[in-house]
Amino acid sequence: MAKPSLPQGTRDFGPDTVRKRNYIFNTIRSVFELYGFEPLETPAMENLDTLMGKYGEEGDKLIFKIINNGLDNIDKEKQAREDFEKVLQGKNVKGITERALKYDLTIPFARYVAMNHGQLTFPFKRYQIQPVWRADRPQKGRYREFYQCDADVVGSNSLLNEIEIILMIDQVYSNLSKHFGENENNRINISINNRKIWTGIAELCGCRDKIVEITVALDKYDKIGIDGVKEELIQKGFNEEQTHTIFSCLFPDTSFYTTYDDDYLNELGLTKDEKNLAVTLYGYNKDLYAIITCLLWNFKEHKIEIGTSGVKEIMKIIFPFCMDNYLLQSSFINLDSTLARGLNYYTGTIIEVKPPPAVKIGSIGGGGRYDDLTGLFGVPNIPGVGISFGVDRIYDVMEELKFFPGEVHTGTQVLFFNLGETESKAAFTIMQQLRNSNIRCELYHETVKFDKQFKYAEKKNIPYTLIIGSKEIAEKTCVVKDIRNGEQQTIPVSKLADFAFI
RNA sequence: GUGGUUAUAGCUCAGUUGGUUAGAGCAUCAGAUUGUGGUUCUGAGGGUCGCCGGUUCGAACCCGGUUAGCCACCCCA
């Protein structure tokens, strides 16, 4: 018999872990509900062509494909062999595989909306908490099976949705632990950017078709720095002038742009309202103001409207958070001009959530706006915006920072000692009464010496033991011991229901 | 998909240039202790040294392969 083992990148979760994970799930779910989102579940598997081509070239490779049943049917042997030849050449063939495990929750959701758009009331706000699978090689913070918690709004272009999503992110972390936001170092970082800005920059460089190359390179800025990015761009075939254009947009000479100048704002062609936005941003964060005005200037100069509208969207989203510093409790929001995000279906706002800087783990959530996801399934013109929480990583972050509250443990509260047949019968009756008043209890399964029963309680983190022997039966009392401090007291059975087993 | 690294008792790990019967701590079980555990003491059980092959008189140790974990790259939650 071979040693039992798990498939690569998957894990079992013991009782303690499940409780903590459920705490995260429940917290996120209740915030989703609070903001008016409704639950949805979709199957673990989808038709392969529902998923293929939606996540970029790399993404396709990471989709877990399911081999068809019945390939051993002798009548179809010839066909199966021919099909398998094609698989060996790297093709997907219906004869061999036509289903796959879902890779994320967004595409199956788009498929659902496309199939049911006639019945849905728009804007449709749904949340979904389910596992997804990726055939990736596991490493720190990366698993082959993990849970996502998604909330999306489809059928609305309003930027109010983006603002609500940011508020939800903040509220989830506030509810998860009071320590998030306790001080500056513990805050969650919500970065936003806009794909339209990338499109604009690509146009500035005169290569709109190379937007993916630009975003992939700039997305690594945090990791490889400005020189590394430059090197990668040049490797991808960008010339000196183009890289200069990109950098001058994203990393402006702040000393120039941080001076507030009314005439300059007028030159940018902003409306009165937009100018007010800019003034507020200036008061809130000079660097933010610098990047925004720099981008606006560049796009204005070259009449690239898509870029301009991207910047204006960012301004409108950040604005409420500049007006009220207390809107965000556990996080802060900033414009990260290098933020790109790999998924290619995003078209507007993009959002990425990062843990406090002390934790070296990638993003713990992300999302963005997509104009036409359902168009992929034949139903055009349903725009949407959504966010995804990565529970497995949030767990790792909470664990590393020791942020799980003590109340997460919801195991047995009272262990009834087993002192013999008559005694345990009496104990059993009392135990059922306690259970009826919602106290979690159990009776030790056999009559053994106290030593063992105590150790059992200690290991299972059961705070109270309850001892009923012949003496207690006669007196209609019981002995309640708090094993955390060793204190014990004798109380009448009639008063037991009033005892606070906390 | 590419590269690095690790694999020895239930857990954490020692293990000399290759040399007789592979060790420690923790955990488990039994006893000191028949209604009060956590400390202490005594004793016991527990191993195909990841798996397969090679070199050698002899391999936990050297070599090749393989599987899995971890880490990094690509990419991503």
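Below, chain A is the first sequence line, B the second, and so on; all start at residue 1.
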Using the [atom1] atom on both, measure [N] against [M] and round to a whole Å.
| N | M | atom1 | result |
| --- | --- | --- | --- |
| B:rC57 | B:rA68 | C1' | 34 Å |
| B:rG25 | B:rA9 | C1' | 12 Å |
| B:rU42 | B:rA27 | P | 15 Å |
| B:rG15 | B:rU6 | P | 13 Å |
| B:rU28 | B:rG38 | P | 12 Å |
| B:rC63 | B:rA24 | C1' | 31 Å |
| B:rC62 | B:rU8 | P | 15 Å |
| B:rC71 | B:rU34 | P | 50 Å |

Is [X] touching bases, backbone alone, or none of the nucleic acid, heavy atoms closer than 4.0 Å?
| X | result |
| --- | --- |
| A:Lys481 | base |
| A:Ile467 | base |
| A:Ile394 | nothing |
| A:Ser363 | sugar-phosphate |
| A:Ser470 | base |
| A:Tyr143 | base |
| A:Gly420 | nothing |
| A:Gly365 | sugar-phosphate |
| A:Asp392 | nothing |
| A:Glu423 | nothing |
| A:Gly56 | nothing |
| A:Leu6 | nothing |

### Query
Which is it for A:Arg142 and A:Asp136 under the salt bridge (Lys or Arg N to Asp or Glu O under 4.0 Å) test, yes or no, and what are the steps along the way?
CA-CA 8 Å; A:Arg142 183 178 294 192; A:Asp136 206 351; 2.9 Å; yes
Measure the distance from [atom1] on [X] to [atom2] on [N] and round it to the nearest whole Å.
| X | N | atom1 | atom2 | answer |
| --- | --- | --- | --- | --- |
| A:Arg21 | B:rA77 | CZ | C1' | 12 Å |
| A:Lys452 | B:rG35 | NZ | C1' | 17 Å |
| A:Lys236 | B:rC75 | NZ | C1' | 11 Å |
| A:Asp222 | B:rC75 | CG | C1' | 16 Å |
| A:Leu62 | B:rC75 | CG | P | 11 Å |
| A:Asn189 | B:rA77 | CG | C1' | 16 Å |
| A:Lys449 | B:rG38 | NZ | C1' | 14 Å |
| A:Asp219 | B:rC73 | CG | P | 13 Å |

### Task
Using Watson-Crick or G-U wobble pairs with both distances under 3.5 Å, give me RNA chain B in dot-bracket, 5' to 3', with [ ] for crossers and | for pairs to another strand.
(((((((..((((.....[...)))).(((((.......))))).....(((((..]....))))))))))))....
If the cut-off is 4.0 Å, is [X] near the phosphate of [N], judged by side-chain N/O to OP1 or OP2?
| X | N | result |
| --- | --- | --- |
| A:Gln453 | B:rU36 | no |
| A:Gln139 | B:rC71 | no |
| A:Lys459 | B:rG38 | no |
| A:Lys223 | B:rC73 | yes |

With a 4.0 Å cut-off, would you call [X] and [Y] a salt bridge?
| X | Y | result |
| --- | --- | --- |
| A:Glu458 | A:Lys455 | no |
| A:Arg11 | A:Asp392 | yes |
| A:Glu313 | A:Lys196 | yes |

### Message
Does the structure place the NZ or CZ of A:Arg144 under 6.0 Å from the centre of the six-membered ring of A:Phe64, at an angle of no more than 45° from the ring's axis?
### Response
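Relative to the ring axis of A:Phe64, which defines the angle, A:Arg144 lies outside at least one limit.
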### Query
Has A:Arg126 got its NZ or CZ under 6.0 Å from the middle of the six-membered ring of A:Phe37, at an angle within 45 degrees of the ring axis?
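A:Arg126 over A:Phe37 ring: no.
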#### Entry: First of A:Thr10 and A:Gln148 reached from the 5' end of RNA chain B, by closest nucleotide
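Closer to the 5' end of RNA chain B: A:Thr10.
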### Task
Would you mind telling me which residue lines up with the more 5' stretch of RNA chain B, A:Ile224 or A:Gly366, judged by nearest nucleotide?
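Residue closer to the 5' terminus by nearest nucleotide: A:Ile224.
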### Message
Please tell me whether A:Tyr147 and A:Phe25 form a close aromatic pair, meaning their ring centres lie under 6.0 Å apart.
### Response
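They qualify: ring centres under 6.0 Å apart.
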### Is_stacked (A:Phe389, B:rA77) at 5.5 Å, 30 deg
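A stacking contact does not exist, since A:Phe389 is not both close and nearly parallel to the base ring of B:rA77.
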### Check: B:rG3 base within 3.5 Å donor-acceptor of A:Arg137 side chain
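Looking at the base of B:rG3, it does pair with a donor or acceptor on the side chain of A:Arg137 (distance under 3.5 Å).
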### Message
Is it the case that the base of B:rC71 and the side chain of A:Arg142 share a donor-acceptor contact (distance under 3.5 Å, atom types as modelled)?
### Response
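When only heavy-atom distances are counted, A:Arg142 does not reach the base of B:rC71 through any donor-acceptor pair under 3.5 Å.
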Any side-chain donor-acceptor pair under 3.5 Å between [X] and [Y]?
| X | Y | answer |
| --- | --- | --- |
| A:Lys102 | A:Thr42 | yes |
| A:Ser191 | A:Asn189 | yes |
| A:Tyr127 | A:Asp152 | no |

Closest approach to the side chain of [X], judged atom by atom: which nucleotide of [options] is it?
| X | options | value |
| --- | --- | --- |
| A:Glu472 | B:rU36, B:rG35, B:rA77 | B:rG35 |
| A:Val216 | B:rC76, B:rC75, B:rG35 | B:rC75 |
| A:Pro138 | B:rC70, B:rC75, B:rG31 | B:rC70 |

### Message
According to side-chain hydrogen bond (donor to acceptor under 3.5 Å, both in side chains), who are the partners of A:Glu164, at least two apart in sequence or on a separate chain?
### Response
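Listed in chain order: nothing, the list is empty.
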